[in-house]
There are 2 protein chains.
Amino acid sequence: MTKRVTVHDVARAAGVAIATVSRVVNGVPTVGEDVRARVQAAIDELGWKPSMAAQSMRGVSTRMIGFIFSDIRNPIYSAMVKGAEGILSEHGYMIMVASSDGSSERELALLDLFRQRGAEGVIFAVQDESNPKVLAKVRSGNLPVVLLERELDAPVNAVGADHLSGTRRAAEYLISLGHRRIAMITGGNGTRVARDRLLGLRQAHEQAGLTVDPQLLRLDSFSTEYAYREMQMLLSLPQPPTAAIVLGMPLLSGVLPAIRISNRRIPEDISLIASNDSELAQLATPPISVIRYDAHALGNEAARMLLRQLKGEVPPDKIRIQIPTELVLRGSCASPAQ
Amino acid sequence: MTKRVTVHDVARAAGVAIATVSRVVNGVPTVGEDVRARVQAAIDELGWKPSMAAQSMRGVSTRMIGFIFSDIRNPIYSAMVKGAEGILSEHGYMIMVASSDGSSERELALLDLFRQRGAEGVIFAVQDESNPKVLAKVRSGNLPVVLLERELDAPVNAVGADHLSGTRRAAEYLISLGHRRIAMITGGNGTRVARDRLLGLRQAHEQAGLTVDPQLLRLDSFSTEYAYREMQMLLSLPQPPTAAIVLGMPLLSGVLPAIRISNRRIPEDISLIASNDSELAQLATPPISVIRYDAHALGNEAARMLLRQLKGEVPPDKIRIQIPTELVLRGSCASPAQ
DNA sequence: TTGTAGGCGTTATCAT
DNA sequence: ATGATAACGCCTACAA
């Protein structure tokens, strides 16, 4: 490991002052052609790259954006990261990621850690929208934030999918097939996403003059185990649901075996609509109908929004960009048995 | 956006010199109890966090590690990232990620970008093990590197799964069921992983006194489309395979529909073994036998290896840590029809 | 057009 | 035990 090569080394090699080297790399026009060439040659020769640490001390942008979510293994989040990366890398930005594992304390710490490391903004899927400490930290405005699928009582912009319409259309469809007992399994209780979904379910019912049976609502977790357990319990109810809307990637993997082990068939005994789309949903037998949205595009939008904020083109002010959802019908829905 | 709070602010507030503030945060013992308390109070009061940019200029570790792979959306990679994050965050490190999208040029650029941003090491799934430029850059030793599932002709340590044994056992099992025409679909041609897998297939055949029919080898891509197309072509061969080993996450999603559309049944018409394990493999009908390895643990090991290298406990020298693979039998294999 | 010098926020080396 | 001060590598007035 040789010593770091600095402007001074380049300047000496090119026989100029360090200021001239700086001018060359920063494209300042007032530099003679011959000098510019000599300096460039020295730079290439020595393989010098300006130290970002030194630059950022001078107030130059670090071009780093932080990402906080519960777990990068959730394919929704990795798709969003990839989507954001596409936009951000075009603008010279790089991405730092960190998992909160669902802890608000950890989120708080991560916000500080990111800032300390010079992140210029954070794309953030808050765990608990009502945690006062997180709220205060975001409100402090120390670090520009774009919310992912969340809503906060603070002047922060957000990007999210239109879960309300998606869930409403799914419920409307099931109701139109004749279903009257529609279960819903999802998590994120207390978040914008969960509120939208529940509202969508309610709206579809009201519109048809029906009411939602609270017994059929299981809204407490996104875990596979939860879905497995609750689906079994739902199916062993005296009046089991004839259809279920299962919202959240890991849940489908719990619901499918629960239905199988309870000896029910899809769609004859129970109709199913899941979200988001996945290879499992596409390739299951029968293929599962889903509410689909483009997580990659959502990542794109989040990045664009943050970039606009950094450029000052847009104020941080509860602006919300909405990505459409789409109901994809496959073989998992039918009219209920008489 | 208020101005940054610095040591000077804290020093002034506590009525001490900046050096003393520095001593307090760095836990230097030669500080009076009263002074230490006063300084700490001022720090908490102002919410001061030392600027990492300034620190790293002084040669203090930035505690940042870079990750390069083709696409974070591959669940294998996101699992590895999560695994590495678990270890790294315990040691105060944070993670930067970037996708190469399969381009060696991009990899080269990313290596520079990471270094420029102060990364202390990189965990790297090289795309092309024989690219001379990448090889040269890694050899330059500018940035400590740990290879993920790869091998390079350079003094670099690596972490990978034992694909040779895994594939050999899978092939042995199929041969023991009576299969004589075993196809293999996978990608990454020219990488260590691909070599190991092919060797495993060969070893199992040789041991049984059989030879591998090169017609049944499709080794050119990890894409779903590739698997879909090649599987259909394999099945329409005059002498189609009676079994297939399909190695690579996205491939199973191509193979399954290809088999379905060709009107074959698993395992009656064709036996199938896939890798790595996935929800799709578990929940398909029938459930698919797989060669499984723990990508999360692999990420753990990569992080540990890099940490040891950074501490100087281990030299960069082609050390390879191997994670075991396991053959998980499910309902996708049977003896071939007569 | 090019060079000199000051300062960004820390840490570390001197003094005191 | 504490304070003053010199780096670290870079950018940018300002001077020449």
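What you see below is based on every heavy atom in this structure, not just the backbone, and it leaves out hydrogens, waters and symmetry mates. Proteins get letters first, then strands, A, B, ... in listed order; numbering begins at 1 in each.
Of all the residues in residues 29-49 of chain B, B/T30, B/V31, B/G32, B/V35 reach under 4.0 Å from DNA chain D with at least one non-hydrogen atom.
In this structure, the salt bridge (charged side-chain N to carboxylate O under 4.0 Å, His left out) partners of A/K133, at least two apart in sequence or on a different chain, are A/E105. When the salt bridge (charged side-chain N to carboxylate O under 4.0 Å, His left out) test is applied to A/R73, the partners found at least two apart in sequence or on another chain are A/D71. With sequence neighbours left out, the salt bridge (charged side-chain N to carboxylate O under 4.0 Å, His left out) criterion links A/R139 to A/D153. Every residue two or more places apart in sequence or in another chain that forms a salt bridge (charged side-chain N to carboxylate O under 4.0 Å, His left out) with A/D9 is listed here: A/R12. Among residues two or more places apart in sequence or in another chain, the ring-ring contact (aromatic ring centres under 6.0 Å, His included) test is passed with A/F124 by none.
When rounded to the nearest whole Å, the span between CE of B/M52 and C1' of D/dC8 equals 16 Å. Atom pair A/Q116:CD and C/dG9:P shows a separation of 15 Å (rounding to whole Å applied). Here C/dG7 presents its P atom at 15 Å from CE of B/M57, a figure rounded to the nearest Å. Between the CD atom of B/Q55 and the C1' atom of C/dC8 there is a distance of 14 Å, given to the nearest Å.
Among the heavy atoms of the strands lying under 4.0 Å from B/H8 is at least one base atom, whether or not backbone atoms are also near.
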Distance-only criterion, 3.5 Å: show the donor-acceptor pairs between side-chain atoms of residues 17-27 of chain A and protein atoms not counting sequence neighbours.
residue, atom, partner, partner atom, Å
A/S22, OG, A/N26, ND2, 3.3
A/N26, ND2, A/S22, O, 3.0

Show me, pair by pair, the donor-acceptor contacts under 3.5 angstrom made by side chains of residues 299-313 of chain B, not counting sequence neighbours?
residue, atom, partner, partner atom, Å
B/E301, OE2, B/R304, NH2, 3.4
B/Q309, OE1, B/N157, ND2, 3.0

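Closest approach of B/Q55 to B/P50, counting heavy atoms only: NE2-CB, 3.6 Å.
At least one side-chain nitrogen or oxygen of A/T20 sits closer than 4.0 Å to the OP1 or OP2 atom of C/dG3.
Going from atom CG of B/L152 over to atom CZ of B/R192 covers 12.0 Å, rounded to the nearest 0.5 Å.
Defining each end axis of the helix from C/dT1-D/dA16 to C/dT16-D/dA1 as the rotation carrying four pairs' C1' atoms onto the next four, with five pairs an end, the two axes are found to diverge by 50° to 10 degrees.
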When you compare the protein's N or O atoms with those of nucleotides 12-16 of chain C, which come within less than 3.5 Å of each other, and at what distance?
residue, atom, partner, partner atom, Å
C/dA12, O4', B/R58, NH2, 3.4

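Residue pairs meeting the salt bridge (Lys or Arg N to Asp or Glu O under 4.0 Å) criterion with at least one partner in residues 80-100 of chain B, sequence neighbours excluded, are A/D101-B/K82. The ring-ring contact (aromatic ring centres under 6.0 Å, His included) analysis of residues 71-113 of chain A, with sequence neighbours excluded, yields the pairs A/F69-A/Y77.
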